[in-house]
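Below, chain A is the first sequence line, B the second, and so on; all start at residue 1.
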There are 2 protein chains.
Amino acid sequence: MNTTTKIRTYSISDLAKEFDVTTRTIRFYEQQGLLNPTRQGQTRIYSPKDRVRLMLTLRGKRLGFSLAESKELFDMYDSTTEGDEKQLLYMLNILEKKQADMRQQLRDIQRLQEELNNAEDRCLEALNKVRSGKRQKQKAG
Amino acid sequence: MNTTTKIRTYSISDLAKEFDVTTRTIRFYEQQGLLNPTRQGQTRIYSPKDRVRLMLTLRGKRLGFSLAESKELFDMYDSTTEGDEKQLLYMLNILEKKQADMRQQLRDIQRLQEELNNAEDRCLEALNKVRSGKRQKQKAG
DNA sequence: ATTTTCCTTTACGTAAACGTAAACCTTGAT
DNA sequence: ATCAAGGTTTACGTTTACGTAAAGGAAAAT
């Protein structure tokens, strides 16, 4: 059996299109240590791992993570296999904090969703009033 | 009956302490049109409404809203009572978009929570390995 | 052959959200 | 009276996350 499997690769514009970001953004993420494409000549070649990282980075952004924070998590995740005790405890600490953040965000979102619904209701109501007002005017006119 | 009720007020540092932000931040939010304190001489006096807006602004921030977006929502919310049809439809449009954002964020968070749990498991497992390794060494030593 | 089409690097520019410092009131406590 | 604690304005500085332009290499289409 052959253990060397051919792996899909992506160009920078492949990824840019798929995730709707500019190539500038992708190069910037590399510069910040979030992606590690190989080179063919001077052209960047992205692996599925890079693709996943890009995906995670963007999701992190939506959740208010800075690029530095995402990088930190990636680095830690990579190092867990060979991590020493101190490292691991540190990572557990960070993970705990992130989870607390996420719980807070979950509450925030649920509240905001309620409020958006209320606002929508109020808005629809006001719209009805405006429209029934218009009808009265039409009758009168 | 007296309709003029005395209303609680807050100083800038009251709010700064309560929400753990600097006074600079609070003044900046005023400058951006998010807060509207009255003045006593030149000193700012904040109403409960200001307090709520500060709270909402900060929550918005946690959810990735820009100050401009929060202001937009506040302004629209204030104007709904007297809003004309175009205004109202516009606001409904925005509200719909925000809700879509929130649904996306909800999914993001749930996924991230799963992954954080996985990472934590991996981490704890690695930690156990490290520690059982240590015990072996102690025995041997 | 030359014109697109992608890709590259280098580097300055920018918007958002404050930080920070200077320079100045005012007011209650010592 | 003076001094510390809190308030003010003005204004320049800083970080993050890219945008944008210049200047060019390589390959594929016309």
Side-chain angles (χ1 to χ4, degrees), chain A residues 8-47 50-51 53-75 98 101 105 108, chain B residues 8-47 50-51 53-75 94 98 101 104-105 108:
Chain A
R8 252 216 83 171
T9 62
Y10 308 85
S11 76
I12 193 166
S13 52
D14 285 346
L15 293 182
K17 271 174 207 159
E18 179 174 359
F19 294 104
D20 194 32
V21 295
T22 66
T23 57
R24 173 68 177 95
T25 298
I26 294 179
R27 288 193 201 98
F28 182 72
Y29 288 177
E30 176 184 353
Q31 195 181 319
Q32 301 305 305
L34 290 158
L35 305 176
N36 251 323
T38 58
R39 300 290 179 123
Q40 202 165 83
Q42 68 170 3
T43 301
R44 292 167 171 85
I45 308 288
Y46 297 87
S47 70
D50 288 314
R51 187 175 159 279
R53 287 204 162 195
L54 177 53
M55 194 163 55
L56 291 175
T57 303
L58 295 173
R59 196 179 66 196
K61 275 198 56 181
R62 288 197 298 272
L63 295 175
F65 285 54
S66 73
L67 299 183
E69 284 177 319
S70 290
K71 176 176 157 51
E72 202 184 355
L73 285 173
F74 291 161
D75 289 352
K98 292 294 172 198
D101 275 10
Q105 280 209 34
D108 285 345
Chain B
R8 251 215 83 170
T9 62
Y10 308 86
S11 75
I12 194 165
S13 51
D14 285 346
L15 293 182
K17 271 174 207 159
E18 180 173 359
F19 295 105
D20 194 31
V21 295
T22 66
T23 59
R24 173 69 177 95
T25 298
I26 295 179
R27 289 192 200 98
F28 182 73
Y29 287 178
E30 176 183 353
Q31 195 181 320
Q32 302 305 305
L34 290 158
L35 304 176
N36 250 322
T38 58
R39 299 292 178 122
Q40 203 167 83
Q42 68 170 4
T43 301
R44 291 168 171 84
I45 309 288
Y46 296 87
S47 69
D50 288 313
R51 187 175 159 279
R53 286 203 161 196
L54 177 54
M55 194 163 53
L56 291 174
T57 302
L58 295 173
R59 195 180 66 198
K61 275 198 56 183
R62 287 197 300 271
L63 295 175
F65 285 55
S66 73
L67 298 183
E69 284 177 318
S70 290
K71 176 177 158 49
E72 203 183 356
L73 285 174
F74 291 161
D75 289 352
I94 302 265
K98 291 296 171 196
D101 275 10
Q104 174 64 40
Q105 281 210 32
D108 285 344

Hey, does the side chain of [X] come within less than 4.0 Å of [N]'s phosphate (OP1/OP2), counting only N and O?
{"X": "B/R27", "N": "C/dG19", "answer": "no"}
{"X": "B/R39", "N": "D/dT9", "answer": "yes"}
{"X": "A/T25", "N": "D/dG19", "answer": "yes"}
{"X": "A/Y29", "N": "D/dC18", "answer": "yes"}
{"X": "A/S11", "N": "C/dC6", "answer": "no"}

Rounded to whole angstroms, how far apart are [atom1] on [X] and [atom2] on [N]?
{"X": "A/K61", "N": "D/dC18", "atom1": "NZ", "atom2": "C1'", "answer": "8 Å"}
{"X": "B/R24", "N": "C/dA22", "atom1": "CZ", "atom2": "P", "answer": "16 Å"}
{"X": "B/D14", "N": "D/dG6", "atom1": "CG", "atom2": "P", "answer": "11 Å"}
{"X": "A/L35", "N": "D/dA17", "atom1": "CG", "atom2": "C1'", "answer": "14 Å"}
{"X": "B/L34", "N": "C/dA17", "atom1": "CG", "atom2": "P", "answer": "9 Å"}
{"X": "A/F65", "N": "D/dT16", "atom1": "CZ", "atom2": "P", "answer": "17 Å"}
{"X": "A/F28", "N": "D/dT15", "atom1": "CZ", "atom2": "C1'", "answer": "10 Å"}
{"X": "A/I26", "N": "C/dC6", "atom1": "CD1", "atom2": "P", "answer": "15 Å"}

*How would you label the contact of A/T23 with the nucleic acid (heavy atoms, under 4.0 Å): base, sugar-phosphate, or nothing?*
nothing

Kindly say whether [Y] contributes a backbone atom to a donor-acceptor pair with the side chain of [X] at under 3.5 angstrom?
{"X": "A/Q32", "Y": "A/L67", "answer": "no"}
{"X": "B/S13", "Y": "B/A16", "answer": "no"}
{"X": "A/D75", "Y": "A/E72", "answer": "no"}

What nucleotide, of [options], holds the atom closest to the side chain of [X]?
{"X": "B/L67", "options": "C/dA17, D/dG19, C/dC7", "value": "C/dA17"}
{"X": "B/Q42", "options": "C/dC18, D/dC18, D/dT8", "value": "D/dT8"}
{"X": "A/T43", "options": "C/dC7, D/dC18, C/dC18", "value": "C/dC7"}

*Taking the six-membered ring of A/F65 (Phe, Tyr or Trp), confirm whether the NZ or CZ of A/K98 is under 6.0 Å from its centre and within 45° of its axis.*
yes

*Distance-only donor-acceptor test (3.5 Å): side chain A/R44, base C/dT8*: no

*Would you please say whether a donor-acceptor pair under 3.5 Å links the side chains of B/Q104 and B/D108?*
yes

